[in-house]
Amino acid sequence: MSGVKTRFAPSPTGYLHIGGARTALFCYLYARHHGGSFVLRIEDTDRERSTEESTRAILDSMEWLGLHWDEGPHFQSRRTEIYREHVEKLLQAGRAYRCDCPPELLDAKREIALKTHGKVMYDGRCRDRTDVDPAAPHVVRFRGPRTGQTVVHDLLRGDVVFENADLDDLVLLRSDGGPMYNFVVVVDDILMGITHVIRGDDHLTNTPRQIQLYEALGSPLPRFAHVPMILGEDRKRLSKRHGATSVESYREAGYLPEALVNFLVRLGWSHGDQEIFSLEQLIDLFDLDGVGRSAGVFNPEKLLWLNAHYLKECPAERLQALARPFLEARGYDVSDGRKLVVLVEVLRARAPTLADLAAQAAPYYEREVSLDPAAAGKFLTPEAAPLLRELAELFRAAPEWAPEALEPPFRELAERRGLKIGKLAQPLRVAVTGSTASPGIFETVFLVGREWTLERLARAAGLAESGGPAPAA
RNA sequence: GGUCCCUUCGUCUAGCCCGGCCUAGGACACCGGCCUCUCACGUCGGCGACACGGGUUCAAAUCCCGUAGGGACCGCCA
């Protein structure tokens with residue numbers, strides 16, 4: 001085991017979203033690649049917004065993606081005492097102070113500052129006061145250095161320099177005694193022995209203050225790597241209004257975890273021209289030097305392509321198991337195992353997601369099919385009627401109902417009539433599926449089943465004789 | 001507004017650190033051919049980018065400076 005230890009620290013205020021999942025993936029891969037360990041920590045210090053339901057959803061999504069953690073989940077809400085002790089230490093050491101500025105006053109100052117000079121920061125009013133009543137409501141602030149610079153040695157961006165004068169004294173403890181994010185992160189990362197803090201670059205400007213806290217707490221620094229963010233099509237930070245952004249929603253839409261993992265890792269990381277990676281390969285290949293510096297736009301089409309790819313690669317048995325719940329969700333009876341096997345095999349190249357696959361299964365599991373009028377007009381013609389009747393006879397007499405068994409008599413009929421396969425297949429296809437597009441004609445007829453095939457053929461022949469589809473009832 | 005980050009095809013990216021192998025490569029999407037009972041898959045081909053302006057150099061996507069554009073953060077949220 002190397003010394004590497006990374007962590008993923010989501011706040012349970014919603015589902016695991018795409019951006020968080022990618023950060024988690026990077027942390028996971030980095031730890032695994034270096035033979036280190038990966039910690040999961042739930043940052044639920046905001047009691048108002050944190051829910052158990054979110055925590056469960058996040059854990060579920062992590063497991064579904066295959067990002068297994070070695071330690072945790074730790075819950076910050078259960079570590080309040082630890083944080084208080086550290087605040088106390090800072091207070092004793094003179095590295096923190098009590099501040100009783102009323103929030104309304106702070107808000108007002110912020111507003112004025114924004115309008116006049118744009119430097120929005122706490123003015124340090126209480127920094128040198130000694131008369132703040134510890135019994136009255138107050139917050140505890142960090143006493144940051146006023147001069148000099150703090151530099152973040154970022155593994156991805158090099159040295160990023162901040163003037164200490166631009167950094168105000170952040171709140172460590174709220175007036176209700178609850179600790180604040182920037183503080184607990186540091187305390188926990190120290191206590192948990194995190195060696196590499198890998199997170200979104202929206203945290204980059206927090207980092208100098210966190211570094212000051214490490215120093216005040218007398219602890220060595222971890223290495224930092226701020227990875228680029230994921231943007232929506234409008235190039236704004238990806239959020240709910242961009243549509244489906246939770247890992248869960250992709251799972252429900254019939255995406256495979258390996259597709260999502262593959263997609264996420266390639267958003268910001270690359271390995272030459274390679275596009276397809278298994279999780280095992282990623283563990284082998286992933287490192288920070290392949291990670292870029294610029295934000296990337298979420299591209300649903302590429303995700304879809306990857307999903308289609310993995311659907312095509314998926315072992316048959318697993319694919320059947322994956323497809324089953326999607327079919328059942330539509331109310332389909334999938335107890336016929338042979339039918340399911342064929343269905344999944346013929347639809348996997350035609351459906352980019354499991355949900356699409358289930359939707360395309362409609363003609364084979366629903367008694368009523370909708371007839372595309374354009375298709376009917378073109379193929380269910382009076383000339384086609386006798387052919388459809390002959391096909392019905394042929395299928396009625398078929399000794400065995402299997403795609404391979406249906407083919408020879410069909411071909412014989414075509415030959416006898418001097419017709420190309422297509423001339424016979426298209427009217428048949430429209431008759432049994434209602435549309436001009438479907439899998440191979442023999443598989444299609446097999447999937448429709450003998451009973452429904454005869455039923456639909458009879459109806460279509462009737463329609464064809466009368467010169468086209470009846471007007472809508 | 002202040003601070004910080006970023007900038008190669010529409011999108012994800014290779015190349016940049018260590019200038020010439022770049023006529024800038026790959027992938028998604030899009031367009032067309034082939035395959036073919038339809039659709040899809042597959043396959044072959046096409047379209048398409050170094051943000052701009054200055055330098056440095058025999059030579060710059062690659063190094064330097066400036067400009068523009070985009071983003072993040074600026075909370076008793078995380």
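Keep in mind that this is a model prediction, so the values were computed, not measured. Order of the sequence lines fixes the chain letters, A, B, ..., with proteins taken first and strands second; residue numbering starts at 1 for each chain.
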Whole-Å gap separating [atom2] ([N]) and [atom1] ([X]):
X	N	atom1	atom2	value
Leu172(A)	A78(B)	CG	C1'	15 Å
Glu275(A)	A29(B)	CD	P	11 Å
Arg293(A)	A72(B)	CZ	P	20 Å
Asn206(A)	U3(B)	CG	C1'	12 Å
Lys302(A)	C9(B)	NZ	C1'	13 Å
Glu443(A)	C39(B)	CD	P	16 Å
Gln426(A)	C39(B)	CD	P	8 Å
Arg209(A)	C74(B)	CZ	C1'	8 Å

For [X], report the nucleic acid contact type (base, sugar-phosphate, nothing); a contact means any heavy atom under 4.0 Å.
X	result
Gly118(A)	base
Asp168(A)	nothing
His203(A)	base
Arg157(A)	sugar-phosphate
Asp176(A)	nothing
Val161(A)	sugar-phosphate
Ser294(A)	sugar-phosphate
Leu114(A)	base
Pro439(A)	base
Phe162(A)	sugar-phosphate
Val139(A)	base
Met180(A)	sugar-phosphate
Gly268(A)	sugar-phosphate

Heavy-atom closest pair, residues [X] and [Y]:
X	Y	value
Val197(A)	Pro222(A)	CG2-CG, 3.8 Å
Asp287(A)	Trp269(A)	O-NE1, 3.4 Å
Phe395(A)	Trp401(A)	O-CZ3, 3.7 Å
Arg157(A)	Val227(A)	NH2-C, 3.9 Å

Check whether any side-chain N or O of [X] sits under 4.0 Å from OP1 or OP2 of [N], and answer yes or no.
X	N	value
Thr13(A)	A78(B)	no
Arg237(A)	C73(B)	yes
Thr116(A)	G1(B)	no
Lys312(A)	G42(B)	yes
Lys236(A)	G71(B)	yes
Arg110(A)	C76(B)	yes
Arg235(A)	U11(B)	yes

Select one nucleotide: of [options], the one nearest the side-chain heavy atoms of [X].
X	options	answer
Leu267(A)	C76(B), C12(B), C5(B)	C12(B)
Glu301(A)	A72(B), C74(B), C28(B)	C28(B)
Arg266(A)	A78(B), U13(B), U3(B)	U13(B)
Thr205(A)	C76(B), U11(B), C4(B)	C4(B)
Asn182(A)	C28(B), A78(B), U3(B)	A78(B)
Asp273(A)	C28(B), C37(B), G25(B)	G25(B)

Watson-Crick or G-U wobble mate for [N], both contacts under 3.5 Å:
N	answer
C74(B)	G1(B)
G69(B)	C6(B)
A49(B)	none
U62(B)	none
C22(B)	none
U56(B)	none
C16(B)	none
C41(B)	none

Worksheet item: Does the pair Asp169(A)/Arg143(A) count as a salt bridge with the N-to-O cut at 4.0 Å?
Response: no
Fill in: Carboxylate-amine/guanidinium contact Arg41(A) Asp189(A), below 4.0 Å
yes
[N] base to [X] side chain: any donor-acceptor pair below 3.5 Å?
X	N	value
Gln274(A)	G26(B)	no
Ser175(A)	C76(B)	yes
Arg350(A)	C41(B)	no

Worksheet item: With respect to Arg199(A), which candidate in Thr6(A), Thr23(A), Thr207(A) satisfies the side-chain hydrogen bond (donor to acceptor under 3.5 Å, both in side chains) definition?
Response: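 Checked Thr6(A), Thr23(A), Thr207(A) against Arg199(A); only one passes side-chain hydrogen bond (donor to acceptor under 3.5 Å, both in side chains): Thr207(A).
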Practice prompt. Could you tell me how the ring of Phe442(A) sits relative to the ring of Phe410(A): parallel (under 30°), tilted (30 to 60°) or perpendicular (over 60°)?
Written response: perpendicular
Worksheet item: Where each residue is assigned the nucleotide of RNA chain B containing its nearest heavy atom, which of Leu204(A) and Gly272(A) is assigned the position nearer the 5′ end?
Response: Leu204(A)
Worksheet item: 5'-most contact on RNA chain B: Cys99(A) or Phe442(A), nearest heavy atom basis?
Response: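 The residue mapped nearer the 5' terminus is Phe442(A).
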Worksheet item: Is the distance between the ring centroids of Phe286(A) and Phe26(A) under 6.0 Å?
Response: yes
